[in-house]
**Student:** 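Structure below; questions to follow.
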Amino acid sequence: MTYSDDLLKTILTAPKRIAIVGVSLNPVRPSYYVARYLGLKGFDVVPVNPVAVGEVLFGKKVVASLGDIEGPVDMVDIFRRSEAVPPIVDEALDVFPKLHTIWMQIGVEHAQAAAKAEARGVTVIQNRCPKIEYQRLFGELRMGGFATGIISSKL
């Protein structure tokens, strides 16, 4: 799937509260450092993992499911296998009527679940990482030797 940089920038600057489904408490896992990064960028990250319920991650209590989150969420970021996506999308659509985005991490795709969310007006991104896209689009990856195509005066 291809997504325009403008669309990705809009998505990555619009949400205030992101639920990360499948977040790990293990600091070497991608879900951990993506959650940490997004939190450091000012997003209100809600950790969701039924195995770690009640634990505290980045100052937030881990909840078992999206239905356990109090208040609205703007974006749901899914760190689960593709076959686990449909019930997560169904729950997200049920409990967050004003949900803007469902984001499926690298390697995670589900056409039917995406179509269902899009039919409800929710933007869906598949097989991408919000951390990588944020860094690429806002000029942070250049420090790691990546050519972002973005000109910056920072050294």
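What you are looking at is a predicted structure, and each value in this text was computed from that prediction instead of being measured. The figures that follow rest on heavy atoms only: side chains count, while hydrogens, waters and symmetry mates do not. Positions are given from 1 along the sequence.
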**Student:** Check step by step if side chain to side chain contact (heavy atoms under 4.5 Å, CB included) holds for T123 and T10.
**Tutor:** CA-CA 11 Å; T123 301; T10 299; over 6 Å; no
**Student:** Measure from the ring center of F58 to the ring center of Y32 and say whether it is less than 6.0 Å.
**Tutor:**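 Ring-ring flag for F58/Y32: true, centres closer than 6.0 Å.
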**Student:** For a 4.5 angstrom cut-off between non-hydrogen side-chain atoms, does K16 reach D74?
**Tutor:**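 The answer is yes, as the side chains (C-beta and beyond) meet within the 4.5 Å cut-off.
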**Student:** Looking at side-chain heavy atoms only, is the closest gap between R17 and I69 below 4.5 Å?
**Tutor:**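 Yes. Closest side-chain heavy atoms under 4.5 Å.
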**Student:** Looking at every non-hydrogen atom in both residues, tell me the closest pair between V62 and A52 and how far apart they are.
**Tutor:**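 Heavy atoms only, the tightest pair is CB-O, 3.3 Å.
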**Student:** Taking atom types as modelled, is there a side-chain donor on Q135 or K131 under 3.5 Å from an acceptor on the other?
**Tutor:**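 Yes, K131 and Q135 have a side-chain donor paired with an acceptor closer than 3.5 Å.
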**Student:** Rounded to the nearest 0.5 Å, what separates atom CZ in R128 from atom CD in Q105?
**Tutor:**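 One finds 11.5 Å between CZ of R128 and CD of Q105.
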**Student:** Can you see which heavy atom on R80 is nearest to which on G22, and at what distance?
**Tutor:**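 Nearest heavy atoms, R80 then G22: CD-CA, 4.0 Å.
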**Student:** Of the non-hydrogen atoms in E109 and M104, which two are nearest, and what is the gap between them?
**Tutor:**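 That closest heavy-atom pairing would be CA-SD, 3.9 Å.
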**Student:** Are any side-chain N or O atoms of S31 and backbone N or O atoms of S24, one a donor and one an acceptor, separated by less than 3.5 Å?
**Tutor:**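 Present.
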**Student:** What heavy-atom pair brings P87 and A84 nearest, and what distance separates the two atoms?
**Tutor:**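 Smallest heavy-atom distance, with atoms named: CD-O, 3.4 Å.
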**Student:** Answer yes or no: are there more than 12 heavy-atom neighbours, outside K60 itself, under 6.0 Å from its atom NZ?
**Tutor:**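 Counting other residues, nucleotides and ligands, NZ of K60 exceeds 12 neighbours.
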**Student:** Would you check if T101 and P15 make a side-chain contact, meaning some heavy-atom pair closer than 4.5 Å?
**Tutor:**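 In short, these two side chains do not touch, never coming nearer than 4.5 Å.
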**Student:** Taking the side chain as C-beta and beyond, is there a heavy-atom pair between D68 and V53 under 4.5 Å?
**Tutor:**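 In short, these two side chains do not touch, never coming nearer than 4.5 Å.
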**Student:** Considering all heavy atoms of both residues, which atom of A35 and which atom of V23 are nearest to each other, and what is their separation?
**Tutor:**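 So the two residues come closest at CB-CG2, 3.8 Å.
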**Student:** Please examine the side chains of Q112 and P86, heavy atoms only from C-beta on, and report whether any two atoms are closer than 4.5 Å.
**Tutor:**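 Counting from C-beta outward, P86 and Q112 never come under 4.5 Å.
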**Student:** Give the cluster check for V46 versus I102: same hydrophobic cluster or not, with ILVMFWY residues linked at side-chain heavy-atom distances below 4.5 Å.
**Tutor:**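 Same hydrophobic cluster.
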**Student:** Rounded at 0.5 Å granularity, tell me how far CG in L99 sits from CG in D94.
**Tutor:**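 The distance works out to 11.0 Å.
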**Student:** Following the transitive rule for hydrophobic clusters with a side-chain heavy-atom cut-off under 4.5 Å over Ile, Leu, Val, Met, Phe, Trp and Tyr, establish whether V122 and M75 coincide in one cluster.
**Tutor:**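 No, no single cluster joins them.
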**Student:** Does any non-hydrogen side-chain atom of H110 lie less than 4.5 Å from one of V89?
**Tutor:**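 Heavy-atom side-chain distance check fails, nothing below 4.5 Å.
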**Student:** Sub-3.5 Å donor-acceptor pair from the side chain of N127 to the main-chain atoms of G107, do we have one?
**Tutor:**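 Present.
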**Student:** When hydrophobic residues are tied together by side-chain contacts of less than 4.5 Å, even through go-betweens, does V45 share a cluster with I88?
**Tutor:**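 As far as the 4.5 Å side-chain criterion goes, I88 and V45 are not connected within one cluster.
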**Student:** Is there a path of hydrophobic side-chain contacts, each under 4.5 Å between heavy atoms of I, L, V, M, F, W or Y residues, that connects I78 with V63?
**Tutor:**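 Linked within one cluster.
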**Student:** Could you give the distance from CG (L8) to OG1 (T13), rounded to the nearest 0.5 Å?
**Tutor:**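 One gets 10.5 Å once the value is rounded to the nearest 0.5 Å.
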**Student:** Tell me the closest heavy-atom pair linking A19 and V73, and the distance in Å.
**Tutor:**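 Answer, listing the atom of A19 first, then V73: N-CG1, 3.8 Å.
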**Student:** A side-chain contact here means heavy atoms from C-beta on lying under 4.5 Å apart; do I11 and W103 qualify?
**Tutor:**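 Yes. Closest side-chain heavy atoms under 4.5 Å.
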**Student:** Determine yes or no for a side-chain-to-main-chain donor-acceptor pair under 3.5 angstrom, with Y37 supplying the side chain and I132 the backbone.
**Tutor:**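 No.
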**Student:** Quick one: pull up CG in L66 and CG in D90 and give me the separation to the nearest 0.5 Å.
**Tutor:**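 One finds 11.0 Å between CG of L66 and CG of D90.
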**Student:** To the closest 0.5 Å, what do you measure between NZ (K98) and NE2 (H100)?
**Tutor:**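 Going from the NZ atom of K98 to the NE2 atom of H100 covers 9.0 Å.
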**Student:** Can you tell me how far CG of L25 sits from CD of E55, rounded to the nearest 0.5 angstrom?
**Tutor:**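 So the CD of E55 and the CG of L25 are separated by 5.5 Å.
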**Student:** Check whether L57 and I20 end up in the same hydrophobic cluster, where Ile, Leu, Val, Met, Phe, Trp and Tyr are linked by side-chain heavy atoms less than 4.5 Å apart.
**Tutor:**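 Linked, L57 and I20 end up in one cluster.
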